[in-house]
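Working notes for the structure below.
Below, all heavy atoms of this structure are taken into account, side chains as well, without hydrogens, waters or symmetry copies. Bear in mind the structure is a predicted one, so any value in this text is a computation, not a measurement.
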Amino acid sequence: MHILVIEDEPGIARFLKQGLEEEGFAVDVADNGTTGLARALAGAYDLLLVDWMLPGLTGLELCQQLRAAHHATPLIFLTAKDTVPDTVAGLQAGANDYIKKPFHFEELLERIRVQLRPAPAPTGEAERFTVGPVVLDVGTHQVYKDQQEIALTQKEFALLEYLLRHKGKVCRRQSIIENVWDIHFEYNTGVIDVYMNALRKKLGFSKDDDYLQTIRGIGYVARD
């Protein structure tokens with residue numbers, strides 16, 4: 001597996017490169033956003049680790065331009081920013097995950113492994129799920145509302161699919177983290193709230209709608 005680290009702090013970049021190479025990854029390093037974007041677009045990388053604050057292009061701008069060029073390489077932000085607006089901005093730009101500095105290398109390594117796990121093989125069955133005016137087509141990986149396609153990120157789609165597969169049943173936060181994020185260790189489940197807010201906004205649902213309902217302190221439920 002080939003990872004591109006885009007980080008302008010030399011000490012952090014060396015730490016990541018050494019640690020990841022010891023785990024068997026091939027690692028390249030770019031120290032600014034402009035060079036990092038060029039390498040990401042030109043190289044066949046399996047994953048990108050991107051600092052948020054970079055010279056040239058910021059990590060956010062890099063992510064936006066990468067996704068605009070239809071590159072779907074998994075991207076994890078390394079950031080000291082942890083406010084909800086910053087997190088939402090990063091996820092809406094197309095990031096797959098984020099980890100706050102300072103971080104434990106073991107946690108970062110597990111997040112990388114989660115992103116690099118292969119997707120389940122398709123069953124060949126056409127599956128569709130609905131909630132209110134929204135239709136989710138598993139086979140085509142598309143979501144429609146009133147016959148208009150809604151563009152979702154991969155994780156937003158997976159979250160919506162999980163809720164719709166269990167429509168009418170309360171999905172607990174820990175269950176969502178384990179099944180949508182494939183994380184089976186202690187983890188801040190607040191990331192679910194960020195994704196739910198973004199998902200509701202894209203689907204045009206308010207918090208008062210019953211379609212994607214919050215069960216305070218427990219989780220979420222999809223209802224018609």
Side-chain angles (χ1 to χ4, degrees), residues 47-48 50 52 59-60 63-64 66-67 72-79 81-100 103 107-108 110-117 119-120 129-138 141-145 149-167 169-223:
L47 184 133
L48 309 174
V50 182
W52 186 290
L60 189 66
C63 184
Q64 290 169 333
L66 194 70
R67 297 309 187 223
T73 307
L75 185 151
I76 299 176
F77 272 128
L78 310 174
T79 176
K81 294 178 176 289
D82 63 346
T83 66
V84 171
D86 287 329
T87 304
V88 170
L91 297 175
Q92 289 183 340
N96 298 81
D97 199 357
Y98 68 94
I99 186 167
K100 186 188 175 196
F103 51 83
E107 181 182 356
L108 174 63
E110 186 60 28
R111 288 173 184 256
I112 289 172
R113 287 170 175 157
V114 166
Q115 295 300 326
L116 294 179
R117 287 190 183 118
F129 300 94
T130 63
V131 59
V134 170
V135 178
L136 181 146
D137 190 314
V138 176
H141 209 270
Q142 292 173 302
V143 173
Y144 296 90
K145 182 182 180 184
E149 185 174 359
I150 307 295
L152 301 182
T153 67
Q154 181 178 350
K155 196 60 70 177
E156 288 167 350
F157 184 95
L159 175 58
L160 181 60
E161 180 185 350
Y162 183 74
L163 294 174
L164 297 193
R165 283 184 181 274
H166 299 84
K167 188 165 66 172
K169 298 179 181 179
V170 176
C171 297
R172 294 181 175 273
R173 300 173 69 87
Q174 189 59 38
S175 178
I176 294 173
I177 279 290
E178 290 178 356
N179 288 277
V180 177
W181 273 262
D182 199 15
I183 292 174
H184 302 270
F185 55 89
E186 186 175 349
Y187 186 87
N188 181 4
T189 60
V191 68
I192 301 172
D193 303 318
V194 174
Y195 272 93
M196 285 298 300
N197 290 336
L199 185 57
R200 283 177 172 141
K201 183 177 180 181
K202 288 187 177 182
L203 297 177
F205 293 163
S206 72
K207 288 187 177 180
D208 296 326
D209 288 329
D210 289 334
Y211 297 130
L212 299 178
Q213 187 178 1
T214 301
I215 308 300
R216 189 173 299 277
I218 299 176
Y220 293 91
V221 59
R223 291 194 177 107

| Less than 4.5 Å apart, any side-chain heavy atom of Leu160 and any of Leu212? | yes
| Do the non-hydrogen side-chain atoms of Phe157 and Leu136 ever get within less than 4.5 Å of each other? | yes
| task | Please report the closest heavy-atom contact between Gly94 and Cys63, naming both atoms and the distance. | result | C-SG, 3.7 Å
| said: Between Arg67 (side chain only) and Ala93 (backbone N and O only), is there a donor and an acceptor less than 3.5 Å apart? | reply: no
| request: List the steps, then state whether side-chain contact (heavy atoms from CB on, under 4.5 Å) holds for Asp193 with Arg173. | output: CA-CA 10 Å; Asp193 303 318; Arg173 300 173 69 87; 2.9 Å; yes
| request: Using distance alone, with no hydrogens and no angle criterion, decide if Thr153 and Tyr195 have a side-chain donor and acceptor under 3.5 Å apart. | output: no
| Any Val134 side-chain heavy atom under 4.5 Å of Phe129 side chain | no
| said: Nearest 0.5 angstrom please: Tyr98 OH to Ile76 CD1, how far? | reply: 12.5 Å
| Atom pair CZ (Arg111) and CH2 (Trp181), whose distance is rounded to the nearest 0.5 Å | 11.0 Å
| Any side-chain heavy atom of Arg200 sitting closer than 4.5 Å to one from Thr214? | yes
| field | Closest non-hydrogen atom pair, Gly90 against Phe77 | value | CA-CE1, 3.8 Å
| task | Any chance you could measure Leu203, atom CG, to Lys201, atom NZ, to the nearest 0.5 Å? | result | 12.5 Å
| query | Is any side-chain heavy atom of Arg165 less than 4.5 Å from a side-chain heavy atom of Val138? | reply | yes
| query | Atom NZ of Lys145 and atom OG1 of Thr130: how far apart are they, to the nearest 0.5 Å? | reply | 14.0 Å
| request: Can you measure from OG1 (Thr73) to CD (Gln115) and round to the nearest 0.5 angstrom? | output: 11.5 Å
| Which pair of non-hydrogen atoms, one from Leu164 and one from Ala222, has the smallest distance, and what is that distance? | CD2-CB, 3.8 Å
| query | Looking at Gly132 and Tyr211, what are the two nearest heavy atoms and their distance? | reply | CA-CE2, 3.4 Å
| query | Is there a side-chain contact (heavy atoms from CB on, under 4.5 Å) between Leu47 and Asn96 once you walk through the steps? | reply | CA-CA 10 Å; Leu47 184 133; Asn96 298 81; over 6 Å; no
| query | Between Lys155 and Ala95, is there a donor-acceptor pair closer than 3.5 Å when you use the side chain of the first and the backbone of the second? | reply | no
| said: Taking the side chain as everything from C-beta on, heavy atoms only, tell me whether Leu159 gets closer than 4.5 Å to Leu152. | reply: no
| Which distance, rounded to the nearest 0.5 Å, do you find between the CD of Glu161 and the NE2 of His166? | 10.0 Å
| said: Do Val180 and Ile192 have side chains that approach each other closer than 4.5 Å (heavy atoms only, starting at C-beta)? | reply: no
| said: Is it true that, when you exclude Arg172 itself, more than 12 heavy atoms of the residues, nucleotides or ligands shown sit nearer than 6.0 Å to its CZ? | reply: no
| query | Within a radius of less than 6.0 Å around CD of Glu149, do more than 12 heavy atoms belonging to other residues, nucleotides or ligands occur? | reply | yes
| task | Begin from the C-alpha positions of Leu163 and Val131 and carry the test side-chain contact (heavy atoms from CB on, under 4.5 Å) through to its verdict. | result | CA-CA 10 Å; Leu163 294 174; Val131 59; over 6 Å; no
| said: Any non-hydrogen side-chain atom of Ile99 less than 4.5 Å from a side-chain atom of Leu78? | reply: yes
